[in-house]
Structures are given as C-alpha cells and as structure tokens.
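Presented below is the structure to which this report refers.
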Amino acid sequence: MPANWQAALDKLDTALDARLGESIGVVPVRLGDFGTSPDPDRPAFDVFGLAAEWDASASPAAKMQTHSAVETMVVELRDVEVDGRLIRKGDEIVLYDRPRAPRLVVTRRERLDPGRIAVICGPTVD
C-alpha cells in the first residue's frame, strides 16, 4: 500500500477509535493445573480499543434455531496500542468504561488486517 494511503488509513483508524473506543485493561494470566494466576513474566497493561457484544446466540441450522447462553465480546485493538505485548488465550480483559461489565477471558485471537487484531472473549467464571 502506498505511503499516502497508509497515512490516510492510520488517520481514519485513530479517528474511529477516538469516537467509538474505550479504555481496556489486559491482565495476562498463567494457566496451571489447579487454576489460574497472574503471569509474572507479562505485566498487566492498559490500551484503548473497540469493544462490542457479538450475538452468536441464534444461528439457523436446517430450518431450526440453535441458542446459546454464552455472551461473547469482540475487543479490537490496534497494533500500535498493544506495542508488541502478547495477549494469549486465558488472559483477562477489563472494560474500564463499563463499571458493571464482568471481567472477560480471551478465548481466541484473530488478525483483522495488518494493523488490527480481534480478541474474542467470554465471561470469566468466578
């Protein structure tokens, strides 16, 4: 992509995040045999990104609807916000701008485009 298009895309991404984004905390977690604990090798950090509910509760399957009771959130983060830090399956996400929202647990990561990742999350079981 030519540099002028990349600069325009970066400007648009920044404007989108500023308008729709929110403060997000990432708490790296180490999965063990007897539960989870904070990962001492990866400190917690705060980022700014987009968080949205993803309704996968109903999907057509051969003329019937299947329903799921699991809430799913998609958290989109720009690579410049993550700054090379690792986000792994099992890490926790805190939505600071939603005080009543539960902590979320990362179930998988997806690459949306060269500059943005999606972290698919579900509620933690506390």
Side-chain angles (χ1 to χ4, degrees):
M1 181 179 298
N4 58 345
W5 286 102
Q6 186 62 49
L9 182 60
D10 290 343
K11 186 176 179 180
L12 181 63
D13 271 347
T14 302
L16 178 69
D17 287 352
R19 180 80 171 150
L20 301 175
E22 56 188 281
S23 298
I24 297 167
V26 179
V27 181
V29 172
R30 181 175 285 171
L31 302 174
D33 292 337
F34 302 104
T36 62
S37 62
D39 189 343
D41 298 330
R42 298 181 298 137
F45 60 94
D46 296 337
V47 293
F48 198 75
L50 305 172
E53 294 177 14
W54 180 37
D55 184 14
S57 63
S59 59
K63 297 184 180 181
M64 64 181 203
Q65 293 285 326
T66 60
H67 295 279
S68 170
V70 176
E71 267 184 33
T72 304
M73 295 282 294
V74 177
V75 178
E76 292 185 17
L77 304 171
R78 293 179 58 208
D79 285 343
V80 295
E81 288 284 331
V82 176
D83 194 27
R85 294 172 283 213
L86 293 176
I87 301 174
R88 295 182 178 153
K89 181 178 180 177
D91 288 352
E92 293 184 359
I93 302 291
V94 181
L95 303 175
Y96 293 130
D97 296 342
R98 302 180 195 201
R100 293 187 177 162
R103 280 186 171 225
L104 304 169
V105 63
V106 175
T107 57
R108 72 180 191 272
R109 278 180 45 152
E110 295 180 359
R111 174 62 65 182
L112 294 177
D113 61 46
R116 193 179 287 272
I117 61 170
V119 181
I120 314 303
C121 305
T124 60
V125 180
D126 287 338

Under the rule for side-chain hydrogen bond (donor to acceptor under 3.5 Å, both in side chains), what residues qualify as partners of T14, not counting sequence neighbours? R78
Sequence-distant partners of A101, side chain to side chain contact (heavy atoms under 4.5 Å, CB included), two or more places apart: L95, R98
Which pair of non-hydrogen atoms, one from A118 and one from V74, has the smallest distance, and what is that distance? CB-CG1, 4.1 Å
Would you say M73 and L50 are hydrophobically clustered, going by side-chain heavy atoms of ILVMFWY under 4.5 Å? no
Looking at residues at least two apart in the chain, or sitting in another chain, which of them share a side-chain hydrogen bond (donor to acceptor under 3.5 Å, both in side chains) with R19? none
Distance, nearest 0.5 Å, that separates CZ of F45 from CG of L86: 8.5 Å
Check whether any side-chain heavy atom of V26 sits under 4.5 Å from a side-chain heavy atom of I93, and report yes or no. yes
With sequence neighbours excluded, residues passing side-chain hydrogen bond (donor to acceptor under 3.5 Å, both in side chains) with D113: none
Provide the full list of side chain to side chain donor-acceptor pair (under 3.5 Å) pairs with a residue in residues 81-90, sequence neighbours left out, each pair given once. none
Common cluster, V105/I24, ILVMFWY with side-chain heavy-atom separation under 4.5 Å: no
By side chain to side chain contact (heavy atoms under 4.5 Å, CB included) - contacts of T36 (at least two apart): V29, L31
If every non-hydrogen atom of C121 is compared with every non-hydrogen atom of T107, which pair is closest and at what distance? N-OG1, 4.1 Å
Can you list the residues that meet the salt bridge (Lys or Arg N to Asp or Glu O under 4.0 Å) rule with D41, with sequence neighbours excluded? R30
Nearest 0.5 Å, please: how far is CG in L104 from CD1 in I120? 11.5 Å
Start with the C-alpha distance between V47 and V75, add both sets of side-chain angles, then the distance that settles side chain to side chain contact (heavy atoms under 4.5 Å, CB included), and finish with yes or no. CA-CA 11 Å; V47 293; V75 178; over 6 Å; no
Please name all residues satisfying salt bridge (Lys or Arg N to Asp or Glu O under 4.0 Å) with D79, sequence neighbours left out, ordered by chain then number. R111
Taking side-chain hydrogen bond (donor to acceptor under 3.5 Å, both in side chains) as the test, write out the residues that go with R42, two or more places apart. D39, D91
Please find the pair of heavy atoms, one from P28 and one from A44, that lie closest to each other, and give the distance. CD-CA, 3.6 Å
Name all residues meeting the side chain to side chain contact (heavy atoms under 4.5 Å, CB included) criterion together with V94; count only those two or more places apart in sequence or in a different chain, and write none if there are none. V27, Y96, R103
With sequence neighbours excluded, what pairs up with D46 under the salt bridge (Lys or Arg N to Asp or Glu O under 4.0 Å) test? none
Kindly write out the residues that satisfy salt bridge (Lys or Arg N to Asp or Glu O under 4.0 Å) with E76, not counting sequence neighbours, or none if the list is empty. R116
